[in-house]
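Below is one structure; the comments refer to it alone.
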Amino acid sequence: MANKRVISLHSVAKQYGNETVVRDLSLSVQAGECVVLVGHNGAGKTTLMKLMLGLTRPTSGKVEVLAGNPALRTAVAQRKALGYLPESVAFYEAMTGREVLTFYARLKSVANTQTEKLLQLVGLGAAAQRRVATYSKGMRQRLGLAQALLGEPRLLFLDEPTTGLDPSLRQDFYQLIDAMHQKGVTSLISSHALNEVEARASRFVIMKAGTMVACGSLDELYAQAALPAQVRISVTPGQTTRVAERLGTAVNIAELNHQSLSLWCSNGEKMPLIRRISELGEVVCDIQITPPRLDEVYKYFMRGDSAS
Amino acid sequence: MRLLWVLALKELRDGLRNRWIAATILLLGALALVLSMLGSAPIGSVRASALDISVISLASLSVYLIPLIALMLSFDTLVGEFERGTMLLLLTYPVTRGQVILGKFMGHVMIILVAILAGYGGALLIMIAVNGGSTEGWQAYLLMMLSSLLLGAIFIALGYLVSVLVKERATAAGSAIGLWLVFVVLYDLLLFGALMLDQGQMLGQQLFAMLMLVSPTDTYRILNLSVFEGVSQAAGIAGVASGAGMSSYLLISVMLLWLIVPLTTTALVFQRREL
């Protein structure tokens, strides 16, 4: 295909019985992107992944992954190019870590040398001889990542990949993902934790009760949410009221005390405000501008009332 | 084909790992030996070899044991993987759902094959050695081994059907026991009860034979007890099959049907299943 579109969803909906889990969702993902699905539990993130993996079929709409319907028999061969790490991954408990990985490697026609390399890569080299039943949550998650990376997939689906991992393991985990991205792998990651994935995502898809409430890069989301930045001005002690008066009634003052005042300021008003502040002269000692935090943006979309 | 082997070998390894195969071989082998020792007493006036006699006792035993072993191997295989969550991952690999069923089936049949070969085959060699190298009646014994394998395969397929239809492992276990009771105990009990009450009034021999064909275990029994003359005379059952005009081809076809129908139904249901 000329355009390197890897995933495209056209007004996809999925119902289980009477319950609508995904409604009218359209999304397209280009090769090399890292798209992060964010939303509460039950927002439909896992179902969306299952739809893209061909594990379930949409009630209506069209799903295309690597230029084919993933639920068709013809898509079976192209699963070699996919890697999937399910949420709370389960393995055959009686098998050792190495046996599990070798089993999956054979299904993907991957050489044993790669299996060993992956075991080392995720740090399970020493535990490879132990039965999976004895593994901790973190070790299972690492084995899960190892199987997802088998056969150097072009497209990765990671469903809450870092739950149960301690902070240092998380770091390792994201380093691995970053390394995959350098190679041009496309990935779809679902997560609760926005801050953690912030730096990696090329795009966020925010989901709420089966609907996509927002989609875009970090900057686009900030712009969409139009949340005000906080500007904090330190002034010569006792001058705060005068400064507030001189800034005019248009500004939205949040807090005022003896020697500082902080105010809310939308993106468009920011530069004019700063110019006005600088015109105040010596009275102003310092300015601090704090842009809205990512979780505030997230909260904004989760509330869903665009009026605020 | 290669993928089928990968899936089948995994099931076989599981069988070896949890000592399933070892236990079944021991059980089948020990029982075959004990029965053949006990069975060698009545030889004499009856024109039957030691192997013929052991075919009768082993076939009667296999009718109970082989379905039980096969169901215990198979009832968990799909519902268990759904419940534990391993099926989710497996189906994102480049295998079709049909291959998953067939691969597992091959693996489970291999487990039964190994058990039958080692258990009954081992006993056969010992019996031949004990009887001073006499191999008379080996054909009947071989048929018994092969049809036991087929019986095992049938109940593996029935176990899969249970496994794909129910929602929970516990339900699957219960249903498997139910299946076993129906096919191995209750159906025969009903049939014989009806026969006793009827006193040959309405149920003709023909109808009785047809009713026996409904159950795969009865078909297996008739096959083993009627095909070879030595066995059927010793068993005193010769009339049933030949009187109803049942050829061994018919009997084997019925058994194959009992294999193919549940297996394809399982594959079809599995095909539609959404995860």
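The sequence lines fix the lettering, A, B, ..., with proteins before strands; numbering per chain opens at 1.
Although no hydrogens or angles enter the test, the distance criterion places a donor-acceptor pair under 3.5 Å between the side chain of A/Arg170 and the main chain of A/Leu165. With A/Arg5 contributing its side chain and A/Gln30 its backbone, the two residues share no donor-acceptor pair below 3.5 Å. In this structure, the side chain of A/Thr186 engages the main chain of A/Gly32 through a donor-acceptor pair within 3.5 Å.
Between chain B and the residues A/Gly144, A/Ala94, A/Pro86, the largest count of heavy-atom pairs under 4.5 Å involves A/Ala94.
In B/Met110, the CE atom is crowded: over 12 heavy atoms of neighbouring residues, nucleotides or ligands sit closer than 6.0 Å.
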Considering distance alone, list the donor-acceptor pairs between chain A and chain B shorter than 3.5 Å.
| residue | atom | partner | partner atom | Å |
| --- | --- | --- | --- | --- |
| A/Lys14 | NZ | B/Glu274 | OE1 | 2.8 |
| A/Lys14 | NZ | B/Glu274 | OE2 | 3.3 |
| A/Leu55 | O | B/Leu275 | N | 3.4 |
| A/Arg57 | N | B/Glu274 | OE1 | 3.0 |
| A/Arg57 | NH2 | B/Arg272 | O | 3.2 |
| A/Arg79 | NH1 | B/Leu91 | O | 2.9 |
| A/Arg79 | NH1 | B/Tyr93 | O | 2.8 |
| A/Arg79 | NH1 | B/Val95 | O | 3.2 |
| A/Tyr92 | OH | B/Glu81 | OE1 | 2.9 |
| A/Tyr92 | OH | B/Glu81 | OE2 | 3.4 |
| A/Glu99 | OE1 | B/Arg17 | NH2 | 3.3 |
| A/Arg106 | O | B/Arg2 | NH2 | 3.0 |
| A/Ser109 | OG | B/Arg2 | NH2 | 2.9 |
| A/Gln147 | O | B/Tyr93 | OH | 3.2 |
| A/Gln147 | OE1 | B/Tyr93 | OH | 2.5 |

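Heavy atoms closer than 4.5 Å to chain B are found in both the backbone and the side chain of A/Leu107. For chain B, the nearby part of A/Leu150 is the side chain; its heavy atoms alone come within less than 4.5 Å.
Checked options B/Leu78, B/Val164, B/Ile101; the residue passing with B/Val269 is B/Val164 (criterion: side-chain contact (heavy atoms from CB on, under 4.5 Å)). Considering A/Leu101, A/Leu119, A/Leu145 in turn, A/Leu119 is the only one that fulfils the side-chain contact (heavy atoms from CB on, under 4.5 Å) rule with A/Leu124.
Contact check for B/Phe82 versus B/Val166: no side-chain heavy atoms found under the 4.5 Å cut-off.
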